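Just so we're clear, the structure is a prediction, and the values are computed from it rather than from any experiment. Throughout, numbering of the chain's residues begins at 1 and tracks the sequence.
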Amino acid sequence: MFQWALPRRHLPVPAKPCVRVTPTRHASCMATIQLTGDHAEMMTTVDSFIGNLPELLGALLTDGRCIAAIAEFSDHRYVQFWLDKPSYFVAEVISNLNIGESQALTQTEENALRAIGWNEPSVDERPNWFRIGTSITDLFGIIGMTKQAVCEVLGELPGNSVSIRTFDMPRTAEDPEESSVASPRVHELEAS
């Protein structure tokens, strides 16, 4: 029986799987961001998340809507971002004040976040470690700080899974310093 066979060099090479957090065309990803919804998620790897972080945060800045982006790791610890109003970008890393069922941060991890430049959480205003940016220079700093927080402090390895959620949310009060920012949180403090 005769069989057709392609020479080995013509066989298709399987593509390496790659999950993109933002749309593939650069022009579209810098104009709008694809939303998963508050209760939906997209799974990817830590390496892909960190690699796509500049695109993701750039899209948050240029989209025009108030969008929250939350990256939650397998131990339920997370980092999250949103643009509260034009030129007021908020980035957060989970803290022990807002830990829920997640693994608590050690004193060493908290000291490392402080050394990287994250602002300390407070019970009343911001229960997570946070950083506020108001310029593109701040955004670049936040990208580096996030990479350090995820990889060095939270100990996430490049191949670890991470779920990404992006959703539209209402903007807070006119003065972001006096606003309540609890709405995008993964875990909220219980009233005592």
Euclidean distance, N119 CG relative to E125 CD, rounded to 0.5 Å: 11.5 Å

Y88 vs I132, side-chain contact (heavy atoms from CB on, under 4.5 Å): CA-CA, chis, key distance, verdict: CA-CA 7 Å; Y88 195 88; I132 295 170; 3.1 Å; yes

Residue pair L61 / F81, side-chain heavy-atom distance below 4.5 Å: no

Side-chain touch M43/S163, heavy atoms, less than 4.5 angstrom: yes

Worked verdict on I94 versus V79 for side-chain contact (heavy atoms from CB on, under 4.5 Å): CA-CA 6 Å; I94 193 169; V79 293; over 6 Å; no

Rounded distance (nearest 0.5 Å) linking atom CG of D138 with atom CD1 of I143: 11.0 Å

R77 NZ/CZ over F73 ring centroid, <6.0 Å and within 45° of normal: no

Exercise: identify the closest heavy-atom pair between I142 and A91: CG2-CB, 3.6 Å

Donor-acceptor contact below 3.5 Å, side chain R131 vs main chain G117: yes

Heavy-atom side-chain proximity of F89 to T134 below 4.5 angstrom: no

Side-chain heavy atoms of I116 within contact of V153, under 4.5 Å: yes

Distance in Å, L139 CG paired with L53 CG, rounded so as to fall on 0.5 Å steps: 8.0 Å

N160 side-chain N/O to E156 backbone N/O, donor-acceptor pair under 3.5 Å: no

Short side-chain to backbone donor-acceptor contact, N96 and L105, under 3.5 Å: yes

Rounded distance [0.5 Å steps], OG1 in T146 versus CG in L57: 6.5 Å

Side-chain touch R126/V90, heavy atoms, less than 4.5 angstrom: yes

Beyond-backbone contact of W129 with E110, side-chain heavy atoms, under 4.5 angstrom: yes

Minimal non-hydrogen separation, A69 against L56, with atom names: CB-CD2, 4.2 Å

Any donor-acceptor N/O pair, T36 side chain to T166 backbone, under 3.5 Å: yes

S161 OG to E41 CD distance, which is reported to the nearest 0.5 Å: 10.0 Å

Inter-residue atom distance Q103.CD - S74.OG, 0.5 Å rounding: 9.5 Å

Sidechain-backbone polar pair: Q148 side chain, M145 backbone, donor-acceptor under 3.5 Å: no

N128 side chain vs E92 backbone, donor-acceptor pair below 3.5 Å: no

Step-by-step side-chain contact (heavy atoms from CB on, under 4.5 Å) determination, V93 to F130: CA-CA 6 Å; V93 177; F130 71 97; over 6 Å; no

Under 3.5 Å donor-acceptor, D168 side chain and I67 backbone: no

Nearest heavy atoms of C151 and I50, plus distance in Å: SG-CG1, 4.4 Å

Expected output: side-chain T44 to main-chain F49 donor-acceptor under 3.5 Å: no

Residues I164, V162; criterion side-chain contact (heavy atoms from CB on, under 4.5 Å); working and verdict: CA-CA 6 Å; I164 308 292; V162 57; 4.2 Å; yes

